[in-house]
Amino acid sequence: MTKKSNSELFSSILYIIIGILLVIFRSETLNWAMTIAGIVFLISGILDLVKKNWAGGAVSLIIGLAILILGWAAAQIVLLVLGILIAVKGIVAFINVLKKGADNVLEVIYPIISVVVGLMLAFGNGLDVMIIIVGVLLAVDGVIGLVGSMKK
């Protein structure tokens, strides 16, 4: 096996593992990711301060603390706003389709899906559903990559 094949094999296995973790643990993986990101920023900030990079160190420490303390609350606010915006965009698109008439079914379905996804993100479990979809896609991509790298 060449270096490229080893890299592809490793990436494929990593995609499968991450995909499976996303499907099993769903939004809990976001908590892990935010915690890891917060810790990385804190460590980076401390290292910058040790190197006497006061500004960079202070900024990294503040970002790390903000992520660790406010991470999930901030994410919920972002999901609420994003979900409402997606739903409103879907409603406006649906009204426009009704006014001009649809040339095909997708022109009607897309705005309806946008409204549903937006409302799920804002007020429901849309995040879990989206994480599961991403997890499945990553796992499938990993399996395809694994099979492809083994054929080489």
Side-chain angles (χ1 to χ4, degrees), residues 1-53 55-90 93 103-152:
M1 261 190 203
T2 66
K3 274 189 174 182
K4 186 175 182 185
S5 295
N6 286 337
S7 175
E8 290 173 10
L9 181 67
F10 177 75
S11 295
S12 297
I13 291 170
L14 189 61
Y15 277 22
I16 293 169
I17 292 169
I18 291 171
I20 290 170
L21 288 174
L22 287 173
V23 169
I24 293 171
F25 295 107
R26 294 175 297 283
S27 59
E28 188 64 30
T29 55
L30 282 182
N31 290 336
W32 298 342
M34 283 192 281
T35 301
I36 291 168
I39 291 170
V40 167
F41 273 104
L42 285 177
I43 291 170
S44 174
I46 291 168
L47 292 174
D48 280 347
L49 291 176
V50 168
K51 295 176 187 174
K52 298 188 183 197
N53 178 0
V59 169
S60 290
L61 283 175
I62 291 169
I63 291 171
L65 287 172
I67 290 172
L68 289 174
I69 295 170
L70 303 172
W72 192 241
Q76 291 291 63
I77 293 168
V78 168
L79 288 174
L80 176 68
V81 171
L82 182 64
I84 290 171
L85 290 174
I86 290 171
V88 168
K89 184 179 184 293
D103 293 334
N104 61 49
V105 176
L106 287 178
E107 288 183 31
V108 176
I109 292 175
Y110 181 75
I112 294 171
I113 291 173
S114 294
V115 171
V116 171
V117 168
L119 293 175
M120 285 177 63
L121 276 176
F123 305 108
N125 63 350
L127 182 61
D128 279 346
V129 172
M130 287 178 29
I131 290 173
I132 290 170
I133 291 169
V134 169
V136 169
L137 292 174
L138 278 173
V140 168
D141 187 39
V143 168
I144 291 169
L146 186 63
V147 169
S149 69
M150 295 177 121
K151 287 183 179 178
K152 294 179 181 178

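One-based numbering along the sequence shown. The model shown is predicted, which means the values in this text are computed figures rather than measured ones. FYI, side chains are in, hydrogens and waters are out, and symmetry mates aren't considered; it's all heavy atoms of this structure.
Residues satisfying the side-chain contact (heavy atoms from CB on, under 4.5 Å) criterion with I109, sequence neighbours excluded, are V105, I113. Looking at residues two or more places apart in sequence or on another chain, you find a side-chain contact (heavy atoms from CB on, under 4.5 Å) between I84 and L80, V88, A122, F123. Applying the side-chain contact (heavy atoms from CB on, under 4.5 Å) criterion to I24, with sequence neighbours excluded, gives I20. Residues that satisfy the side-chain hydrogen bond (donor to acceptor under 3.5 Å, both in side chains) test with N31, not counting sequence neighbours, are E28. Applying the side-chain contact (heavy atoms from CB on, under 4.5 Å) criterion to S11, with sequence neighbours excluded, gives S7.
Identified under the salt bridge (charged side-chain N to carboxylate O under 4.0 Å, His left out) test for residues 107-116, with sequence neighbours left out: K100-E107. Counting only residues at least two apart or on different chains, the ring-ring contact (aromatic ring centres under 6.0 Å, His included) pairs with a member in residues 26-48 are F25-W32. Listed by first then second residue, pairs satisfying salt bridge (charged side-chain N to carboxylate O under 4.0 Å, His left out) with a partner in residues 67-76 number zero, not counting sequence neighbours. The stretch residues 78-87 participates, sequence neighbours left out, in no side chain to side chain donor-acceptor pair (under 3.5 Å) pair at all.
Under the side-chain contact (heavy atoms from CB on, under 4.5 Å) rule, L106 has a single partner from D103, V108, N104, which is N104.
Separating the CD1 atom in I36 from the CG atom in L68 is a distance of 11.0 Å, to the nearest 0.5 Å. Distance OG/S60 to CD1/I46: 10.5 Å, rounded to 0.5 Å. Atom CG of L85 and atom NZ of K89 lie 11.0 Å apart (nearest 0.5 Å). Remark: S44 OG to L61 CG distance equals 8.5 Å, nearest 0.5 Å. The OG1 atom of T29 sits 4.5 Å away from atom CG of L22, with the distance rounded to the nearest 0.5 Å. Here CD1 of I77 is found 8.5 Å from CG of L70. Values are rounded to the nearest 0.5 Å.
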Just list the side-chain donor-acceptor pairs under 3.5 Å for residues 127-138, sequence neighbours left out, or say none.
{"from": "D128", "atom 1": "OD1", "to": "S27", "atom 2": "N", "distance (Å)": "3.2"}
{"from": "D128", "atom 1": "OD1", "to": "S27", "atom 2": "OG", "distance (Å)": "3.1"}

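Using a distance-only test at 3.5 Å, with no hydrogens or angles considered, no donor-acceptor pair links the side chain of S114 to the main chain of G90.
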